[in-house]
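Presented below is the structure to which this report refers.
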4 protein chains.
Amino acid sequence: MPQQEPVDQWIKEIIKMSDEKMTEKQLKIVHAAVEVFAEKGYASSSTSEIAQKAGVAEGTIFRHYKTKKELLIAIVSPMMSKLLAPFVLNDFKEVLETDYPTLEDFLYAVAVNRMNFARKHLKIIKILLQEIPFQPMLQKEFKEHIGSRVFNRFTEILEHFKAKGEVVDLPTPALLRFSSTAMIGLFVTHFLVLRDSPWDEEQEIRHTIRLIMNGMAAK
Amino acid sequence: MPQQEPVDQWIKEIIKMSDEKMTEKQLKIVHAAVEVFAEKGYASSSTSEIAQKAGVAEGTIFRHYKTKKELLIAIVSPMMSKLLAPFVLNDFKEVLETDYPTLEDFLYAVAVNRMNFARKHLKIIKILLQEIPFQPMLQKEFKEHIGSRVFNRFTEILEHFKAKGEVVDLPTPALLRFSSTAMIGLFVTHFLVLRDSPWDEEQEIRHTIRLIMNGMAAK
Amino acid sequence: MPQQEPVDQWIKEIIKMSDEKMTEKQLKIVHAAVEVFAEKGYASSSTSEIAQKAGVAEGTIFRHYKTKKELLIAIVSPMMSKLLAPFVLNDFKEVLETDYPTLEDFLYAVAVNRMNFARKHLKIIKILLQEIPFQPMLQKEFKEHIGSRVFNRFTEILEHFKAKGEVVDLPTPALLRFSSTAMIGLFVTHFLVLRDSPWDEEQEIRHTIRLIMNGMAAK
Amino acid sequence: MPQQEPVDQWIKEIIKMSDEKMTEKQLKIVHAAVEVFAEKGYASSSTSEIAQKAGVAEGTIFRHYKTKKELLIAIVSPMMSKLLAPFVLNDFKEVLETDYPTLEDFLYAVAVNRMNFARKHLKIIKILLQEIPFQPMLQKEFKEHIGSRVFNRFTEILEHFKAKGEVVDLPTPALLRFSSTAMIGLFVTHFLVLRDSPWDEEQEIRHTIRLIMNGMAAK
DNA sequence: TATGAATGAGAGTTCATTCAT
DNA sequence: TATGAATGAACTCTCATTCAT
């Protein structure tokens, strides 16, 4: 049985939900906006529908967010860092080495943790994915703040295992893309494509990780 | 050296571009619409901008397409079948067996072929991916006409190799998802995420296929 | 039994249908236009719907009628004179005196004749009534060519009977309005309001005429 | 001299103008719409012209009325009930018996009252008449709510007088149509056809009522 | 003569945003 | 702080009319 707790722990320490300081109305606005954005897409959502769903006057939205786009960014931008936060943590590698007997166990713990996180924030993540191509601000944020750090972190780890002779000698970027897209593919197919199909989450994660590990194993 | 020709052949035989019977202006409209939809997203594109870019009166758009949505569907819906057409062909398996010495060669041929296709129709595919979540008609088309047939075809093939003992004994859906998302991940990262990075396509495809094959290989 | 023939006769002599010289397509256009105008009203009808219903290209309509309004006028304007033609005839009074034993018989003959005419051209008459308030050209035509002559003719007749002591001594315009609106009211209620109710036309006309005659009878 | 007051009284008690709760701009919109609809007809009126005439942004119209048609209905639908309200009142017959020495006096009082009402709301009534043929909702309202009740009320009264031997023994529907169309004819010719002619209203009403009474009198 | 693709002005309607209350 | 009436620019779409074929 893999130990889930350590992973959860260091994540919770870092991620502050920052939902504090919001008035009750503001919270209602954000909730309504998430609902509507996720259903219709940002561009096809109207502030009036959001206001109505939030039980708030149209003007109230603009007291809190100068523009509709600012509302979108306020919702979606924190999600990016939260989603990738654990991979950026300084003690990521340390946790890996001290708390988990095998790499597979560690990956399983991380996967379960992120899966639960994604489940909780599914709608916001969907909005995020939808809007990244059209919101330069989000792209910039990803590139500058998060993307590269995650990339570096993973590269580091992969090279560590390559050095140890546990991972096949292919170019690290190829390995990285292979492993991450196979993992992300699992998330996407489950949460976005096959939303209603029943599944045994533990099994599916295990299988995917095994296939990835197998694929990358030094022969 | 893999043989590309046979794959290309049966695809071209099947896919008819059906761009016939279009007036010159209609063609301009479609081209302009693809451009604008891809850049701004369907909902944020205005018919007036499309008309302007096409060098056509706005009314002309609506002579040919009753609504803006109909224009979208007309552009995007044929792409779905064209994109997945080869996987649906009846002689898919036959080609695999007769024309390629190894499975890897076959996969490489298919991958190159689809990659070239995707490169040519990148913008439309991007629009398609963006709009599937919001266009029930596209979802229905995918589910009813194409998705399930592709799924069955792949399942068939994977089980064939499983029976031969060449593929690890994990549940077929897991294998299917793993292999296809790893492959699609290659496409997506190259075409949509890392658009401008230089790369050695042949190499990348080879690596990805090797990692997939390795992952699924019976131990 | 009232004699219908003489009334019919002098009317037919006068009214020329002028549907000659129309090409087949033109006839189809007119028929379709009548249908559409009557159903949706002139302003809400589109030339494209008319063209479609007529099985004709849109441009063809404008070969025959310079504008949509010209089409309307071409349909509706002749109807006005045809509808009121008998009352304008020079030998109207003569027919009355020579061919009918009583005034009531004469009125009955005219009423039946006009009722049959109205039944045949119901839709055009409906269009005419609808458009008179908005088409100055129709108003002008009515005032200048037809209305006043009908008015004079009826005034003449009523004063003739007043002089003979058969009609009550009230102002002729009041008598005229009373008798004509009671008669027109019969038409309108039957054809426009109670379109589908069954009725005994002969009876209804007889009753109405009796009530009018009774109302105007010298005491 | 006929007593006008009682008739006026029970009507005013019933009809509530319900123009309350309207913002100043909304009132301006309604006024402008009545003006434009009456002049050009509903279908030929543009919301932009209405907005301009009302001194209001075009969008403001659609804040208050979701569609142009809703604006029409809001204007025209209450008029129908108000116009026919007195004839539907429960104490209609009572007033007739207690407050007026003769039937003629009563009819005169009602006629004057409705004439004044019509004069005040002439334009709306014109719009109502124009649009009934094209607005199923108005037709339905008329049939279900008002028309049949007025019809029954009048039938009742006419049969009452027939039983008393004061009215000729013809079918009640014929009597009803005769009397009402003669009366309505007076209104229509005065207000809609001969708009600008001078007239002695009291006289004209008296004559018309006398002719109707005369026509229906038992011999 | 007949066609129908093309037009462009203008239609009804939406909507993010402002502002007096 | 919260409201919601008001805005006006921009939207999708319609339509009478033109004109090359």
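All values below come from the heavy atoms of this structure, side chains included, with hydrogens, waters and symmetry mates left out.
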### Query
Taking the side chain of B:His64 as its heavy atoms from C-beta onward, which of E:dA6, F:dT12, E:dA2 lies nearest to it?
E:dA6
### Summary
Per atom distances to the C:Ala57 side chain, the nearest of E:dA2, F:dT17, E:dG4 is E:dG4
In whole angstroms, how far is the [atom2] atom of [N] from the [atom1] atom of [X]?
X	N	atom1	atom2	answer
C:Gln52	F:dT14	CD	P	13 Å
C:Leu27	E:dA2	CG	C1'	16 Å
C:Tyr65	F:dT18	OH	P	17 Å
B:Glu49	F:dA9	CD	C1'	16 Å
C:Ile73	F:dA16	CD1	P	16 Å
A:Phe37	E:dC15	CZ	C1'	13 Å
A:Ile29	F:dG4	CD1	C1'	14 Å
C:Lys28	E:dA2	NZ	P	11 Å

Please work out if [X] contacts a base, only the sugar-phosphate, or nothing of the nucleic acid, heavy-atom cut-off 4.0 Å.
X	value
D:Ser45	sugar-phosphate
D:Thr47	base
B:Thr60	base
D:Glu58	base

### Query
Is B:Thr23 near enough to E:dA6 that one of its side-chain N or O atoms lies under 4.0 angstrom from OP1 or OP2?
yes
## Note on the structure
Comparing nearest nucleotides in DNA chain E, the 5'-proximal residue of the pair C:Ile61, A:Thr67 is C:Ile61
### Summary
By nearest-nucleotide position on DNA chain E, the 5'-leaning member of D:Ala43 and B:Gly59 is B:Gly59
Indicate yes or no for a side-chain donor-acceptor contact from [X] to the backbone of [Y] under 3.5 Å, with no hydrogens or angles considered.
X	Y	result
D:Ser81	D:Pro78	yes
C:Thr60	C:Val56	no
A:Lys126	A:Ala38	yes

### C:Lys53, C:Lys123, C:Lys28 screened by salt bridge (charged side-chain N to carboxylate O under 4.0 Å, His left out) with C:Glu35, the one that passes
C:Lys123
### Face-on cation placement of A:Lys68 at A:Tyr42 ring, 6.0 Å and 45° thresholds
yes
## Note on the structure
Assign each of D:Lys25 and C:Phe62 the nucleotide of DNA chain F bearing its closest heavy atom; nearer the 5' end lies the nucleotide of D:Lys25
### Query
Considering heavy-atom distances to DNA chain F, does C:Ser48 or C:Arg63 have its closest nucleotide positioned more toward the 5' end?
C:Ser48
### Query
F:dA20 pairs with which nucleotide, Watson-Crick or G-U wobble, both distances below 3.5 Å?
E:dT3
